[in-house]
Amino acid sequence: DTLDLVSKASAYVAASNARDVRAIEPMLHKDCRYISTGVGEYTGRTEILSMMTGFFASNPDVHWTVADYILEPERCVVFEFVVSLAGQHSNGTERIWFSEDGVITCIKVDR
């Protein structure tokens, strides 16, 4: 179960790097929350996917690099990342919480 959540978080990052909103959709709970110091707060899968679609369209070269994923209590996976965006690189921390059935319920990004 531990490795499963880490692999689910890794799959989410891989889908984000591929800008594959269709692959991300089933990963998100319908009432998922997305909180980011970079792009704001969104509630619900539909609103989050709409934000991501626009973000990926505006930033076709965006790429996240993650060295290690760490499982924390409360079914949360945390990782440090470097995001390459418009030729710039910045660091951040992301936390992803999962439901009992392995669906993402909340994503919190600090950049």
Side-chain angles (χ1 to χ4, degrees):
D1 188 47
T2 299
L3 287 176
D4 189 43
L5 294 182
V6 167
S7 69
K8 286 176 185 291
S10 176
Y12 166 77
V13 172
S16 296
N17 278 332
R19 293 164 290 289
D20 190 346
V21 176
R22 281 193 211 149
I24 294 169
E25 183 174 5
M27 298 179 185
L28 303 178
H29 187 277
K30 67 179 181 63
D31 298 320
C32 185
R33 293 183 61 225
Y34 187 99
I35 305 152
S36 168
T37 55
V39 296
E41 295 190 24
Y42 301 86
T43 301
R45 180 173 43 218
T46 302
E47 194 172 290
I48 293 166
L49 293 172
S50 176
M51 174 274 294
M52 288 180 171
T53 298
F55 181 82
F56 294 148
S58 299
N59 300 282
D61 64 336
V62 67
H63 184 84
W64 291 267
T65 303
V66 177
D68 196 23
Y69 296 86
I70 300 162
L71 184 68
E72 291 189 335
E74 299 178 19
R75 304 181 63 79
C76 177
V77 176
V78 62
F79 53 92
E80 305 288 321
F81 64 83
V82 176
V83 62
S84 302
L85 186 62
Q88 303 292 317
H89 302 284
S90 62
N91 298 328
T93 303
E94 188 158 336
R95 285 179 168 75
I96 302 176
W97 285 268
F98 293 89
S99 66
E100 290 289 326
D101 56 352
V103 179
I104 297 171
T105 57
C106 186
I107 299 168
K108 187 168 191 281
V109 183
D110 291 303
R111 283 183 48 198

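Here, residue 1 is the first one in the sequence, and each next residue gets the next number. Below, each value reflects all heavy atoms present in this structure, side chains not excepted, and no hydrogens, waters or symmetry copies. These figures come from a predicted structure and were not determined experimentally.
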Output the distance between atom [atom1] ([X]) and atom [atom2] ([Y]), rounded to the nearest 0.5 Å.
X: N91; Y: D110; atom1: CG; atom2: CG; result: 12.5 Å
X: I48; Y: M51; atom1: CD1; atom2: CE; result: 6.5 Å
X: F98; Y: I107; atom1: CZ; atom2: CD1; result: 8.0 Å
X: I104; Y: K8; atom1: CD1; atom2: NZ; result: 9.0 Å

Any donor-acceptor pair under 3.5 Å linking the side chain of T53 with the backbone of L49? yes
Would you find a donor on one side and an acceptor on the other, under 3.5 Å apart, between the side chain of S7 and the backbone of D4? yes
Acceptor/donor pairs from residues 54-73 side chains to any protein atom, 3.5 angstrom cut, sequence neighbours excluded:
{"residue": "S58", "atom": "OG", "partner": "G54", "partner atom": "O", "Å": "3.1"}
{"residue": "N59", "atom": "ND2", "partner": "F55", "partner atom": "O", "Å": "2.9"}
{"residue": "H63", "atom": "ND1", "partner": "N17", "partner atom": "OD1", "Å": "3.4"}

Which atom pair, heavy atoms only, marks the closest approach of [X] to [Y]?
X: S16; Y: I24; value: OG-CD1, 3.8 Å
X: S84; Y: H89; value: OG-ND1, 2.8 Å
X: R111; Y: S90; value: NH2-OG, 3.4 Å
X: E47; Y: Y42; value: OE2-CA, 3.2 Å
X: I96; Y: A9; value: CD1-CB, 4.3 Å

Is the shortest heavy-atom distance from the side chain of F79 to the side chain of V13 under 4.5 Å? yes
Compile the donor-acceptor pairs under 3.5 Å between side chains in residues 26-34 and protein atoms, sequence neighbours left out, one pair per line.
{"residue": "H29", "atom": "ND1", "partner": "D31", "partner atom": "N", "Å": "2.9"}

When hydrophobic residues are tied together by side-chain contacts of less than 4.5 Å, even through go-betweens, does Y12 share a cluster with V103? no
